[in-house]
Novice: 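I have a structure I would like to understand better, so I am pasting it below and will then ask my questions one at a time.
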Amino acid sequence: MATGFFTDTTLCIGCKACEVACKQWNQLPTQEFEFTGMSYDNTAQLGATTWRHVSFVEQFDGRGRFNGLDTDLGQAALAGSGAVGPGAGAIAGTIHQGRSSGQGGAAHRGGTGASVASAASEFLTGNRWLMMSDVCKHCTHAGCLQACPTGAIIRNEFGDVYVQPDICNGCGYCVPACPFGVIDVDERDGRAWKCTLCYDRQKAGMEPACAKACPTRSIQFGELEELRARAYERVGQLHQRGVTDAYLYGVDEHTSVGALNAFFLLVDQPEAYNLPEKPALPQARVVPAYLATAVTAVALGAAAMALLARGRKG
């Protein structure tokens, strides 16, 4: 039975515990602490040494909403003893978790909690942060696997796409073959690296480090059929609670990539999360490219014949 990830972005609070756990378990180097142009985000994107990346998508154009979801984490953050700094998660942690001022709850029990809830509600009505922990999708039809000339990239016994470091020769063919820009070549050793879905931990009967570390269960690990059933149920719950924008990305996909073994619950268009709307393998564009070339050749040939015919008449 294939295993994978179900990432529910409505539960992500941007704590980056998954990033830290991934780097710690896999002994990956930290990123340099430099300005990336992306607030609260020093890793910026997935790469050879960043196999989990928590993105902060800032939407300050009035499109944000303040919907009530199913956990009390946001209420606790709002009502928690007046602590409203970044560490308390008073704003970031309540984008998807909190409840509006008309729904009651711990956030409205007077004092500092009530004033914080009111301020947060006003702020979040028109603005929000979307947060998502991104990872390798372990595609059904993996472009990196198909492009690898040495057989270094395989599908292991858990159904995950795995790069065998002792076979990889660093050719880099896998990099442009990935429609999600996940896999990359490490400049230190010249080999390609990406998420292994903690292959070593799975063999020992343990869940991946990122899922183990996630405090809100935004990242869930398990057998794909069970995860998909759980995901559909979650979407139904959100729709009943008024979060009608919620949908699954990477499930039942009719693209050349197929379904994703690491799929997501989103509340905005894929582009907002730096995901392609319709991911496609490079080879899926080969036939259209050949057809375009053939049509162009015929058109140019016809034009050349017409010019020659005119020249003879002249």
Side-chain angles (χ1 to χ4, degrees), residues 1-10 12 45-47 51-53 55 57 130 132-149 152-156 158-163 172-184 192 194-197 218-236 238-239 244-295:
M1 184 66 68
T3 59
F5 288 124
F6 164 41
T7 303
D8 184 346
T9 65
T10 65
C12 182
Q45 61 188 357
L46 295 172
W51 300 352
R52 267 281 180 189
H53 168 243
S55 60
V57 182
L130 298 179
M132 183 188 77
S133 180
D134 199 7
V135 71
C136 172
K137 316 306 181 290
H138 297 274
C139 313
T140 297
H141 307 297
C144 60
L145 188 155
Q146 296 178 19
C148 181
I153 304 179
I154 63 171
R155 195 173 296 277
N156 62 27
F158 301 108
D160 311 322
V161 179
Y162 178 71
V163 182
Y173 291 173
C174 55
V175 176
C178 175
F180 298 98
V182 169
I183 195 166
D184 196 12
K194 70 172 191 66
C195 164
T196 66
L197 228 157
S218 172
I219 303 172
Q220 300 178 37
F221 166 78
E223 296 183 354
L224 284 175
E225 291 186 6
E226 179 184 347
L227 287 177
R228 287 167 183 160
R230 193 183 307 167
Y232 280 121
E233 181 180 0
R234 171 66 173 165
V235 170
L238 291 175
H239 285 185
T244 56
D245 295 335
Y247 69 98
L248 297 180
Y249 177 89
V251 179
D252 298 329
E253 294 289 341
H254 300 289
T255 67
S256 58
V257 175
L260 307 181
N261 285 16
F263 58 95
F264 305 84
L265 188 156
L266 308 178
V267 293
D268 204 336
Q269 296 300 315
E271 291 84 353
Y273 302 89
N274 197 32
L275 295 170
E277 181 179 359
K278 294 182 179 180
L281 299 177
Q283 54 266 40
R285 303 186 180 94
V286 171
V287 173
Y290 277 135
L291 290 176
T293 302
V295 170

Novice: Could you pull out all residues at least two apart from Lys194 that satisfy salt bridge (charged side-chain N to carboxylate O under 4.0 Å, His left out)?
Specialist: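 Expected list: none.
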Novice: Walk me through whether Ile153 and Ile183 qualify under side chain to side chain contact (heavy atoms under 4.5 Å, CB included).
Specialist: CA-CA 11 Å; Ile153 304 179; Ile183 195 166; 4.1 Å; yes
Novice: If you draw a 6.0 Å radius around CZ in Phe158, do more than 12 non-hydrogen atoms from other residues or ligands fall strictly inside?
Specialist: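 Yes, enclosed.
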Novice: Any side-chain heavy-atom pair from Val163 and Thr196 closer than 4.5 angstrom?
Specialist: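 The answer is no; the side chains never approach within 4.5 Å.
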Novice: Once salt bridge (Lys or Arg N to Asp or Glu O under 4.0 Å) is applied, what residue pairs with a partner in residues 135-145 remain, sequence neighbours excluded?
Specialist: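 Checked against salt bridge (Lys or Arg N to Asp or Glu O under 4.0 Å) - neighbours excluded - the pairs reaching residues 135-145 are Asp134-Lys137.
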Novice: Can you find a heavy atom in the side chain of Val257 that is under 4.5 Å from one in the side chain of His141?
Specialist: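 The answer is no; the side chains never approach within 4.5 Å.
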Novice: How about Val161 and Cys139: do any of their side-chain heavy atoms sit closer than 4.5 Å?
Specialist: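 Side-chain contact under 4.5 Å: no.
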Novice: At their closest point, which heavy atom of Ala147 faces which heavy atom of Ala177, and how far apart are they?
Specialist: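 Heavy-atom minimum between the residues: CB-CB, 3.6 Å.
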Novice: Between Leu238 and Thr10, is a side chain to side chain contact (heavy atoms under 4.5 Å, CB included) present by the stated rule, with each step listed?
Specialist: CA-CA 10 Å; Leu238 291 175; Thr10 65; 4.1 Å; yes
Novice: For a 4.5 angstrom cut-off between non-hydrogen side-chain atoms, does Leu46 reach Trp51?
Specialist: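 With C-beta onward as the side chain, the pair stays apart.
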Novice: Quick one: does NZ or CZ of Arg234 land under 6.0 Å from the six-membered ring centre of Phe6, within 45 degrees of the ring axis?
Specialist: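 Relative to the ring axis of Phe6, which defines the angle, Arg234 lies outside at least one limit.
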Novice: To the nearest 0.5 Å, tell me how far Cys195 SG sits from Arg52 CZ.
Specialist: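 Rounded to the nearest 0.5 Å, the SG-CZ separation comes to 7.0 Å.
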Novice: If I take atom CG from residue Leu130 and atom SG from residue Cys12, how far apart are they, to the nearest 0.5 angstrom?
Specialist: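 Nearest 0.5 Å value for the CG-SG distance: 10.0 Å.
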Novice: Counting distance only, does the side-chain N/O of Ser218 pair as donor-acceptor with the main-chain N or O of Thr7 below 3.5 Å?
Specialist: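 Side chain of Ser218 to backbone of Thr7, a donor-acceptor pair under 3.5 Å: no, none is there.
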Novice: For Arg155, give me all partners under salt bridge (charged side-chain N to carboxylate O under 4.0 Å, His left out), at least two apart in sequence or on another chain.
Specialist: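 Testing Arg155 for salt bridge (charged side-chain N to carboxylate O under 4.0 Å, His left out), a comparison that skips the adjacent residues, returns none.
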Novice: More than 12 non-hydrogen atoms from neighbouring residues, nucleotides or ligands closer than 6.0 Å to CG on Asn156, yes or no?
Specialist: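 More than 12 within 6.0 Å, yes.
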Novice: Please enumerate all residues that pass salt bridge (charged side-chain N to carboxylate O under 4.0 Å, His left out) together with Glu226, with sequence neighbours excluded.
Specialist: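 With sequence neighbours excluded, Glu226 shows a salt bridge (charged side-chain N to carboxylate O under 4.0 Å, His left out) to Arg230, given in chain and number order.
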Novice: Give, for atom CZ of Phe180 and atom SG of Cys136, the distance between the pair rounded to the nearest 0.5 Å.
Specialist: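 Interatomic distance, Phe180 CZ to Cys136 SG, rounded to 0.5 Å: 9.0 Å.
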Novice: Working note: Leu224 + Asn261, criterion side chain to side chain contact (heavy atoms under 4.5 Å, CB included); need CA distance, chi angles, decisive distance, verdict.
Specialist: CA-CA 7 Å; Leu224 284 175; Asn261 285 16; 3.3 Å; yes
Novice: Nearest 0.5 Å, what's the CG-CG distance between Leu248 and Asp8?
Specialist: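 Here the interatomic distance stands at 9.0 Å.
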Novice: If only atom types and distance count, is the side chain of His239 paired as donor or acceptor with the main-chain N or O of Ala246 below 3.5 Å?
Specialist: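 Checked: pair present.
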Novice: Once you round to the nearest 0.5 Å, how far does CZ of Arg228 lie from CG of Asp252?
Specialist: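 The CZ atom of Arg228 sits 7.5 Å away from the CG atom of Asp252.
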Novice: Among residues at least two apart in sequence or on other chains, which ones pass side chain to side chain contact (heavy atoms under 4.5 Å, CB included) with Glu277?
Specialist: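 Result, side chain to side chain contact (heavy atoms under 4.5 Å, CB included) vs Glu277: Glu271.
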Novice: Taking all heavy atoms of Pro276 and all of Pro179, pick out the closest pair and write down the distance.
Specialist: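 Smallest heavy-atom distance, with atoms named: CG-O, 3.9 Å.
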Novice: Report the C-alpha separation of Leu227 and Phe221 in whole Å, then their side-chain angles, then the decisive distance to 0.1 Å, and conclude whether the side chain to side chain contact (heavy atoms under 4.5 Å, CB included) test is met.
Specialist: CA-CA 8 Å; Leu227 287 177; Phe221 166 78; 5.8 Å; no
Novice: Going by side chain to side chain contact (heavy atoms under 4.5 Å, CB included), name the residues that satisfy it together with Leu266, two or more places apart in sequence or in a different chain.
Specialist: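 If we apply the side chain to side chain contact (heavy atoms under 4.5 Å, CB included) test to Leu266, skipping adjacent residues, the hits are Thr9, Met132, Tyr247, Tyr249, Phe264, Tyr273, Leu275.
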Novice: Heavy atoms, side chains only, cut-off 4.5 Å: are His138 and Thr3 in contact?
Specialist: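 A side-chain contact under 4.5 Å is absent here.
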Novice: Can any side-chain N or O of Thr140 pair as donor or acceptor with the backbone N or O of Ala259 at less than 3.5 Å?
Specialist: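 Yes; judged by distance alone, with no hydrogens or angles, the pair exists.
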Novice: If I compare all heavy atoms of Val182 with all of Cys178, which pair ends up nearest, and what's the gap?
Specialist: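 The pair with the smallest heavy-atom distance is N-SG, 3.4 Å.
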